[in-house]
Amino acid sequence: MNKIYYVISLTLFLFITLSSAAQTNYSEQITVRDSINKQNNDLVVNLDVILDKLQIKSDHMIVLTPVIRSQDQLKSKELPKIVITGNRKNQSLRRSLLISKKDVFNGEPYSIVNRKNKTTQTVNYSTSVPAEDWMKNGSLILQENVSGCAFCELVNSENLLMSPILKETFIPRYKTNFISPDVEKIKARNEVSELYLSFKVGHWVIDMPFGNNTNEIKKFDDLYNTVLNNNDLTITSINIVGFASPEGSFDFNMKLSERRAKATADFLEKRHNISHNLVLVDWKGEDWDGLIKALETADIDSKEKVLEIIRTVNIHDGRESEIMKLEGGNVYRQLLNEVFPSLRRISCTINYQVASFDVEKAKKAFISNPKLLSLNEIYLMANSYPKGSAESENIYLKAVQIFPDNPLTAVNAAGIEIEHGNIEKAMQIIEKVKNDPIAWNNLGIIMAENKRYDEARDYFMKASQNGVSEATDNLSQINKFLDE
């Protein structure tokens, strides 16, 4: 009989205890809306603790403690507590705090709320703590401690509010691509001298004392001797091309430009003892292309009408006579005096090959005459300096000026500007070659940095399909970034 009584008593005790615990665990009656954000170097925790469904016993007190806990559970940070009391507990708590003045809660609570059951109540909680590395990927816990009379503990539990609280943001790391140039096996270069020689009307023999011929011939002399006396240069040919202005008949001007070109070639061959086999002579007759170019900057009346006539009237269909009709011939006379003289010229081009330069010799040529260098030599010179050094990067940037028509220089220079965060400047450099496949990877980076992600992804995809390994990595980076 005693054994049966003991079992019944123990069962009754456990039932009363569990029932009491269930009645005093208020977590299901409290709703918490949370948000955490980082402001500067602080972690700001905002909680809306909604008590509308809370029916607290008059002599109970709930202490809610938000806790930041590290991912490995080894570190934690308690935040200020929220204290919620029933009516009788609120009165006794306040008396207790006034009399004892003890730190009952191990720190100043954020707020002490006297719960009015069956009413709408919300605690708007906001606090901040210095953000620390261990908080990344950690969690926000809400501990609930329920006590009754005389602060006897009834329930101690915790609920997960948020995890992770500070998710480590994925920052894409894009890779620029550097393109190595091919070795220029034959460095072919040229120098051009335009000679505006004076001839007597209808003549083609060069008369040195006539007009400004002495100074004009000297221009060729200086250029030729500069090339000839440079041991790194070998002259391969000299092109002599004659041009005439449009006044007069087409056939006469063609023949005149031929005779003057040949006369100039003969004169220069004898003057410098140039082999006849090196000299190539050509003639173009009336220089209408030169006239169009000259009109771009010339201050000529009705020049748009002149250009329209050039565009629409064939040379052999009276182009010149149509121009003569403009404004009673005043426009033609202005052209005759101000523009036509510059069209009567002999263009002399000295073609030569340049010897290969080692790095030290390239450094000297880079200062004195960078035109003599191949792009490969310029990049070898740049790579002789530490990577990322000012000397190296300045050479890459200067290469754009030396080889303005080579898209490779623009792509590499833009890459340097990208790495320095100069995105706008990088775009200015690469803009002119944006349709060239070699530019697409670096263009993708520029688009990504400007938050034009769809365009960036398209460029990375196209560049990757063209075999650019950096673009393949960049495509993976941007996809991961956008997915998160």
Side-chain angles (χ1 to χ4, degrees), residues 181-199 203-208 212-245 253-290 293 342-358 361-362 364-366 368-378 399 401-406 408-409:
D182 295 330
V183 175
E184 190 177 358
K185 294 179 180 179
I186 298 176
K187 292 194 293 178
R189 303 288 186 271
N190 63 63
E191 304 291 342
V192 179
S193 180
E194 302 286 354
L195 307 184
Y196 298 93
L197 298 171
S198 299
F199 297 92
H203 288 70
W204 49 88
V205 176
I206 295 176
D207 183 0
M208 285 294 284
N212 195 40
N213 286 349
T214 299
N215 290 331
E216 290 299 310
I217 291 296
K218 187 177 184 300
K219 290 195 304 187
F220 178 86
D221 293 345
D222 292 343
L223 182 62
Y224 178 78
N225 289 327
T226 297
V227 176
L228 183 68
N229 296 326
N230 189 327
N231 293 329
D232 294 315
L233 311 181
T234 302
I235 296 175
T236 56
S237 65
I238 300 174
N239 296 90
I240 307 292
V241 183
F243 295 90
S245 53
N253 287 331
M254 182 64 75
K255 193 64 178 176
L256 186 63
S257 67
E258 176 189 356
R259 287 170 173 169
R260 287 177 175 176
K262 288 179 176 179
T264 303
D266 184 60
F267 178 87
L268 295 175
E269 285 176 19
K270 293 175 181 176
R271 183 176 178 84
H272 291 285
N273 195 27
I274 300 171
S275 170
H276 182 71
N277 294 331
L278 280 179
V279 181
L280 305 173
V281 183
D282 195 7
W283 50 93
K284 301 296 182 182
E286 298 175 359
D287 187 13
W288 289 98
D289 289 337
K293 187 174 181 181
S342 67
L343 305 180
R344 306 173 200 131
R345 71 191 194 282
I346 306 293
S347 180
C348 302
T349 303
I350 302 175
N351 304 297
Y352 57 89
Q353 291 181 7
V354 187
S356 297
F357 291 169
D358 60 23
K361 198 167 184 178
K364 294 177 182 178
F366 190 72
S368 61
N369 191 359
K371 180 181 177 180
L372 301 182
L373 298 171
S374 69
L375 186 55
N376 183 63
E377 288 169 337
I378 289 175
Q401 301 169 20
I402 301 170
F403 293 93
D405 298 325
N406 192 325
L408 188 150
T409 63

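Here, residue 1 is the first one in the sequence, and each next residue gets the next number. All of these numbers come straight from a predicted model, not from anything done at the bench. Computed over heavy atoms, backbone and side chain alike; hydrogens, waters and symmetry mates excluded.
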- Message: As a quick check of understanding, evaluate salt bridge (Lys or Arg N to Asp or Glu O under 4.0 Å) for Lys361 and Asp232, giving each step before the final call.
- Response: CA-CA 11 Å; Lys361 198 167 184 178; Asp232 294 315; 2.8 Å; yes

- Item | Asn239 side chain to Asn351 side chain, donor-acceptor N/O pair below 3.5 angstrom |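 Per modelled atom types, Asn239 and Asn351 side chains form a pair under 3.5 Å.
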
- Between Ala261 and Ile240, what is the shortest heavy-atom contact and its length?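 That would be O-CG2, 3.6 Å.
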
- Can you see which heavy atom on Phe199 is nearest to which on Ile206, and at what distance?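 Nearest pair, atom of Phe199 first, then Ile206: CE2-CG1, 4.0 Å.
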
- Verify, without hydrogens or angle tests, whether Asp287 (side chain) and Arg344 (backbone) share a donor-acceptor contact under 3.5 angstrom.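 Pair absent, no side-chain N/O of Asp287 close to backbone of Arg344.
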
Within a radius of less than 6.0 Å around [atom1] of [X], do more than 12 heavy atoms belonging to other residues, nucleotides or ligands occur?
X      : atom1 : result
Lys218 : NZ    : no
Lys371 : NZ    : yes
Asp358 : CG    : yes

Closer than 4.0 angstrom, basic N to acidic O: yes or no for [X] and [Y]?
X      : Y      : result
Lys284 : Asp289 : no
Glu184 : Arg189 : yes
Lys262 : Asp266 : no

Quick one, [X] and [Y] - any side-chain contact, counting heavy atoms below 4.5 Å?
X      : Y      : value
Ser356 : Glu377 : yes
Cys348 : Leu268 : yes
Val192 : Asn190 : yes
Asn376 : Ile378 : no

- Of all residues at least two apart in sequence or in a different chain, which pass the side-chain contact (heavy atoms from CB on, under 4.5 Å) check with His272?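 His272 satisfies side-chain contact (heavy atoms from CB on, under 4.5 Å) with Phe220, Asp221, Tyr224, Asn225, Ile274 once adjacent residues are dropped.
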
- Message: The criterion is side-chain contact (heavy atoms from CB on, under 4.5 Å); which residues satisfy it with Leu256, sequence neighbours excluded?
- Response: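 Result, side-chain contact (heavy atoms from CB on, under 4.5 Å) vs Leu256: Trp204, Phe252, Arg260.
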
